[in-house]
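All heavy atoms count here, side chains included; hydrogens, waters and symmetry mates do not. To find a chain, count down the sequence lines: A is the first, B the second, and so on, and within it residues start at 1.
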Amino acid sequence: MNGNPRYNGKQTFEQWQEQWKTEDRYNFKTIENKWQKIWEDEKAYKVIEDKTKEKFYALVEFPFPSGAGLHVGHPRSYVALDTIARKKRMQGYNVLYPMGFDAFGLPAENYAIKTGVHPAVSTKANIENFTRQLKSIGLSFDWDRCIDTSSPEYYKWTQWMFIQLYKKGLAYKDKMAINWCPACKVGLANEEVVNGCCERCGAEVVRKDKEQWIIAITKYADRLIDDLEGLDFIDRVKSQQTNWIGRSEGAELDFEFGDDKLKVFTTRPDTAFGVTYMVLAPEHEFVQKYMDKFENPEEIKKYVEDTSKKSELQRTADDSKTGVELKGIKAKNPFNNKMIPVFISDYVLTGYGTGAIMAVPAHDQRDYDFAKAFNLPIIEVLQGGDISQKAFEEDGLHINSGFLDGLNKEDGMKAAIEYALKNGFGQAKINFKLRDWVFSRQRYWGEPIPMVYCEHCGWQPLKGEDLPLTLPDVTDYLPNDEGESPLSKALSWVNTTCPKCGKKAKRETDVMPNWAGSSWYFLRYCDPHNDKEFASKEALDYWMNVDWYNGGMEHTTLHLLYSRFWHKFLYDCGYVPTKEPYNKRTSHGMILAENGEKMSKSRGNVINPDDIVNNYGADTFRLYEMFIGPFDQVAMWSEDSLMGVYRFIGKIFNLFKKVYNIEADTKDVRAMHKCILEVTERIDQMKFNTAVSSLMTYVNYMSSLDKIPVVLYKTLLKLLSPFVPHIAEEMWARLGHNTLIVQETWPVGDKALAQDDTVTVAVQLCGKMRGTIEVQKDSSDDDVKAKALALENVARQIHGKEIKKIIVVKNRIVNIVA
RNA sequence: GCGAGCGUGGUGGAAUUGGCAGACACGCCAGACUUAGGAUCUGGUGUCGAAAGACGUGAGGGUUCAAGUCCCUCCGCUCGCACCA
């Protein structure tokens, strides 16, 4: 069985087929090796821009090439879109289905710290291993378009884009309290902090003031919400993004405080008559500014200090209300000129709104709890609740509110804002939970930030011709405790000249976060070898948008949000043709171990794809990944179920022996068209598990035949080929074809041919099943009624009873009510 | 606490969107066969019952000729956010 078994024309088809019927066992290894080589040699999946064909761009999240290799979770996404890509290709689309590596990141660097192996070396080895594994499962990637975010040819453009951000004022350096992971010695974006802990290592995150490059993603907050509207993203993703961005509409109001205006943000300016006190975050600037005017500075200082010592986790875990009154200065409520006390408390966050609030204890539960704890007055300004029990946070008519009395929420809001505007102490305002993106990492294995600090000219971006700014070789990858990047020790690299004035200057030593390279990689796939631009306009015009993007839910508020922002920015600059990058976004469920636990090294329950491919073959692995359960839900790995799929493929192999050059009868044709219709529809809907069961039903039908008409088997192979391309290709060749099945055309189902001319109608008596009858399709109601009543079972039970009503649902059911 | 989703045989899961619950597969039981291979083939398999039949989709109630599917109440699980003013 060496070489290409394709038909050479020297024999008749029949003789050719007979020859292959003698081999009686399914040998996946030979088959898979052979066809993977042929696809590669013939570049079966290479794709070029072809304006005569409609394009389809399928994308999966590219992996971080870890030392552990591929996990069985990765292929769930890859095989799913591979199946879709293959089907689309057979349907005549010009399909771009690329793969690459998100190669910068902490693990490679940690590995280097432990072993001294340069991250570039270990990353290269890991990429090779991943590539081997991906190729072993027969994914139809165009490997000529493979990209690596850590290669200078790639990150040249990441740096170039950073400079564009800087030039447009969207990248700025600022000293701010950031989330600092003391274990990784690195600053984290808000999105990377999970329950107050570092997303990667789990260490508790502390706050630290640092000069950081920040990207003004909040400037795009509105558009990132509003533009979700027209996109075909699963609802879960849309609502998570919307919640994360967290838009709230309200007003910003000024309260007099000392010589200043104390600004607060509120979503309910209409409840201003219920304000009985105010609260500042302990970090609020007025606390320090007025410290010597307060009567109790020691008490205040202590509280501020205690708060600063608390981690984010401690601060949010405890919802009991503590605080200290700022004695000696009161604030003035501009709505009724009442003087009210001012407190500091850690339940007011410094990062949101203005870091200060007006407290309306009657209508906000947190303020209510605080007021109870500090014995502060509670004034009801909305009707409808019982404020002796708890705060009333719903809608109600205003009372005790001067000119707002009697208004509902909507009118009250309008009137309050109008009043504030007229009297010059406030206006309408929209706030977001989304923070600007902390873009500096005090690390080595990332894109160098292409900025230079000159004492005369300040921060200057590198000139275009100086890109890429390559990472220098270092031997010491450890950041120091002050959080200086390892690059700061590479003095010959750090010391440079100012791109503007040419005098001595220093390079930025922080690098970019691992989200940088992945924010635009889908654009690079369109034109991956271009060294003049990140991608040509023609390529982008042809390929963009990504038609279908599948990836993990864990990236919804990270990568997905960042890359949408990044793309919008490039759109605003005129570099990309569309305002959103992805038309459709779906998400796959995780794969758990057999006992329902997460697979992890420490539990020792990780399934290695290599073992599955070696023991059962790539086709079995692929098909099982699709059959394991609903694509968007978690699934449990089961070796037993895997065996079932293996047997199914064996059956396909064995069926070949029963294939003959005979005509199909109407029953055969019906089964075939039913399968075509189901499989086609179910792939489109990502109902892969039921698509596979349709194929199984179809195969079971064929098994029941003594002789299988060749057209049935051919159709089966075509329908199978997106799922199990190797066996499909092999059997296609054994049928005598000298074409590749992966380049064949997808069969078209015919609804009329798929339907039987008789139907089985269920017969119910008072809603209970009593039997079924066979009738001609679309029989008249009377015929169906008569037949139903004649059923022995029905006649017996109905005996002597009066029939009140008979309901007939065409071709479905008869219900006799007696 | 808020938001989203889910709950179906021994197991993974189907169910044309209100119309025969349990497709397909795993497992199990019985039998056949053998080139003894993670074999293959045939039949059976929701529960109770000898059968007729009754019961059955987390629990309870409702709408309907008809409910896994729609409505109400409750219980349980998963995910996301979490003092966001």
Side-chain angles (χ1 to χ4, degrees), chain A residues 24-25 194-196 234-240 242-244 246-248 250 264-268 271 279 315-321 345-349 351-360 363-367 369-370 431-435 553-554 556-557 589-590 594 615-616 624 627-630 632-648 650-651 654 678 681 687 689-697 699-700 703 760-772 793 796-797 804-818:
Chain A
D24 65 346
R25 288 211 55 214
V194 177
N195 291 330
I234 50 174
D235 290 344
R236 231 160 18 126
V237 169
K238 280 192 185 180
S239 70
Q240 267 187 43
T242 307
N243 291 341
W244 186 263
R247 171 159 61 191
S248 21
V264 298
F265 173 71
T266 175
T267 52
R268 294 300 300 268
T271 62
V279 188
R315 195 166 160 173
T316 53
D318 183 6
D319 57 5
S320 66
K321 299 288 179 282
S345 171
D346 63 5
Y347 85 92
V348 174
L349 308 172
Y352 184 75
T354 62
I357 61 154
M358 57 175 225
V360 187
H363 304 291
D364 181 289
Q365 193 57 43
R366 293 156 305 177
D367 297 345
D369 295 341
F370 189 88
N431 245 317
F432 298 93
K433 282 199 257 183
L434 184 71
R435 301 270 71 91
M553 276 309 288
E554 71 273 21
T556 302
T557 51
M590 243 198 325
E594 301 227 12
N615 295 338
Y616 302 95
Y624 178 59
F627 189 58
I628 191 167
D632 57 349
Q633 283 168 40
V634 285
M636 269 180 277
W637 188 263
S638 156
E639 194 111 353
D640 282 339
S641 292
L642 183 89
M643 258 326 279
V645 170
Y646 179 76
R647 274 183 220 142
F648 171 68
K651 235 184 228 180
N654 291 331
E678 285 181 358
E681 186 184 310
K687 292 182 170 180
N689 54 332
T690 55
V692 175
S693 66
S694 292
L695 288 163
M696 287 173 166
T697 306
V699 163
N700 289 345
S703 301
T760 309
V761 171
V763 180
Q764 293 185 335
L765 195 57
C766 301
K768 303 220 178 202
M769 262 294 293
R770 294 297 161 192
T772 57
N793 217 354
R796 180 159 48 79
Q797 295 204 27
K804 292 184 187 134
K805 201 172 175 186
I806 301 179
I807 292 128
V808 180
V809 182
K810 245 196 192 1
N811 302 328
R812 287 263 159 82
I813 205 161
V814 188
N815 193 7
I816 302 161
V817 186

Legend entry - Nucleotide opposite B:G18 in a Watson-Crick or G-U pair, distances under 3.5 Å: none

Legend entry - Proximal nucleotide (of B:C81, B:G19, B:A14) relative to the A:Ile807 side chain: B:G19

Legend entry - Nucleotide paired to B:A85 in any strand shown, Watson-Crick or G-U, under 3.5 Å: none

Inset, instruction - Look at the side-chain N and O atoms of A:Arg812 and state whether any lies under 4.0 Å from the OP1 or OP2 oxygen of B:U16. - result: no

Legend entry - Touch class at under 4.0 angstrom, heavy-atom based, for A:Lys804 against every strand present: nothing

Inset, instruction - Using heavy atoms to find the nearest nucleotide of RNA chain B for A:Asn243 and A:Lys433 separately, return the residue whose nucleotide is more 5′. - result: A:Asn243

Inset, instruction - For A:Val817, answer base if it contacts any base atom (sugar-phosphate contacts may also be present), sugar-phosphate if it contacts only those atoms, and nothing otherwise; contact means non-hydrogen atoms under 4.0 Å. - result: sugar-phosphate

Legend entry - Phosphate OP1/OP2 of B:C55 contacted by A:Lys768 side-chain N/O (<4.0 Å): yes

Legend entry - Any-strand Watson-Crick or G-U partner of B:C77, both distances under 3.5 Å: B:G5

Inset, instruction - Would you check if A:Arg236 and A:Met553 make a side-chain contact, meaning some heavy-atom pair closer than 4.5 Å? - result: yes

Inset, instruction - Remember a base hit wins even if backbone is also touched, and classify A:Gly353 as base, sugar-phosphate or nothing at under 4.0 Å, heavy atoms. - result: nothing

Legend entry - A:Asn815, nearest nucleotide to its side chain (from B:C20, B:C83, B:A66): B:A66

Legend entry - Interatomic distance, A:Glu594 CD vs B:G12 C1' [rounded to whole Å]: 11 Å

Inset, instruction - Assign A:Gln240 to base, sugar-phosphate, or nothing according to its heavy-atom contacts below 4.0 angstrom with the strands shown. - result: sugar-phosphate

Legend entry - Base paired to B:A39 (Watson-Crick or G-U; both N/O distances under 3.5 angstrom): none

Legend entry - Watson-Crick or G-U wobble partner of B:C55, both distances under 3.5 Å: B:G46

Inset, instruction - For residues A:Val645 and A:Tyr624, report the shortest heavy-atom separation together with the two atoms involved. - result: CG1-N, 3.8 Å

Legend entry - N/O (side chain, A:Arg770) to phosphate O (OP1/OP2, B:A54) under 4.0 Å: yes

Inset, instruction - Report which part of the nucleic acid A:Ile628 touches: base, sugar-phosphate, or nothing (heavy-atom distance under 4.0 Å, all strands). - result: sugar-phosphate

Inset, instruction - Give A:Asp235 one of three labels, base, sugar-phosphate or nothing, depending on what nucleic acid heavy atoms sit under 4.0 Å from its own. - result: nothing

Inset, instruction - Please tell me which of A:Tyr646 and A:Asp364 maps to the more 5' nucleotide of RNA chain B, matching each residue to the nucleotide holding its nearest heavy atom. - result: A:Tyr646

Inset, instruction - Scan A:Val645 against the nucleic acid and name what it touches under 4.0 Å (heavy atoms): base, sugar-phosphate only, or nothing. - result: nothing

Legend entry - Partner nucleotide, any strand, of B:A67 [Watson-Crick/G-U, under 3.5 Å]: none

Inset, instruction - Just call it for A:Ser694: base, sugar-phosphate, or nothing, with non-hydrogen atoms closer than 4.0 Å on any strand. - result: nothing

Inset, instruction - Measure the CG-CG distance between A:Asn815 and A:Leu765 for me, rounded to the nearest 0.5 Å. - result: 8.0 Å

Legend entry - Least distance between heavy atoms, A:Val264 atom then A:Met358 atom: CG1-N, 3.8 Å

Legend entry - Selection from B:C20, B:C83, B:A14 that lies nearest to any side-chain heavy atom of A:Asp346: B:C83

Legend entry - B:G19 phosphate, OP1 or OP2, under 4.0 Å from A:Asn811 side-chain N/O: no

Inset, instruction - Could you check whether A:Asp640 gets within reach of a base, just the sugar-phosphate, or nothing at all, counting any heavy atom under 4.0 Å? - result: sugar-phosphate

Inset, instruction - Check every strand shown and say whether A:Asp367 touches a base, only sugar-phosphate, or nothing at a heavy-atom separation below 4.0 Å. - result: nothing

Legend entry - Who pairs with B:G10 - Watson-Crick or G-U, where each distance is under 3.5 Å: B:C26

Legend entry - Contact under 4.0 Å: A:Arg236 side-chain N or O vs B:C81 OP1/OP2: no

Inset, instruction - Assign A:Thr697 to base, sugar-phosphate, or nothing according to its heavy-atom contacts below 4.0 angstrom with the strands shown. - result: sugar-phosphate

Inset, instruction - Give a yes/no on whether any side-chain N or O of A:Ser248 is located under 4.0 angstrom from OP1 or OP2 of B:A85. - result: yes

Inset, instruction - Report yes if at least one side-chain N or O of A:Arg268 is closer than 4.0 Å to OP1 or OP2 of B:A85; otherwise report no. - result: no

Legend entry - Nearest to side-chain heavy atoms of A:Lys651, which nucleotide of B:C20, B:C41, B:G38: B:C41

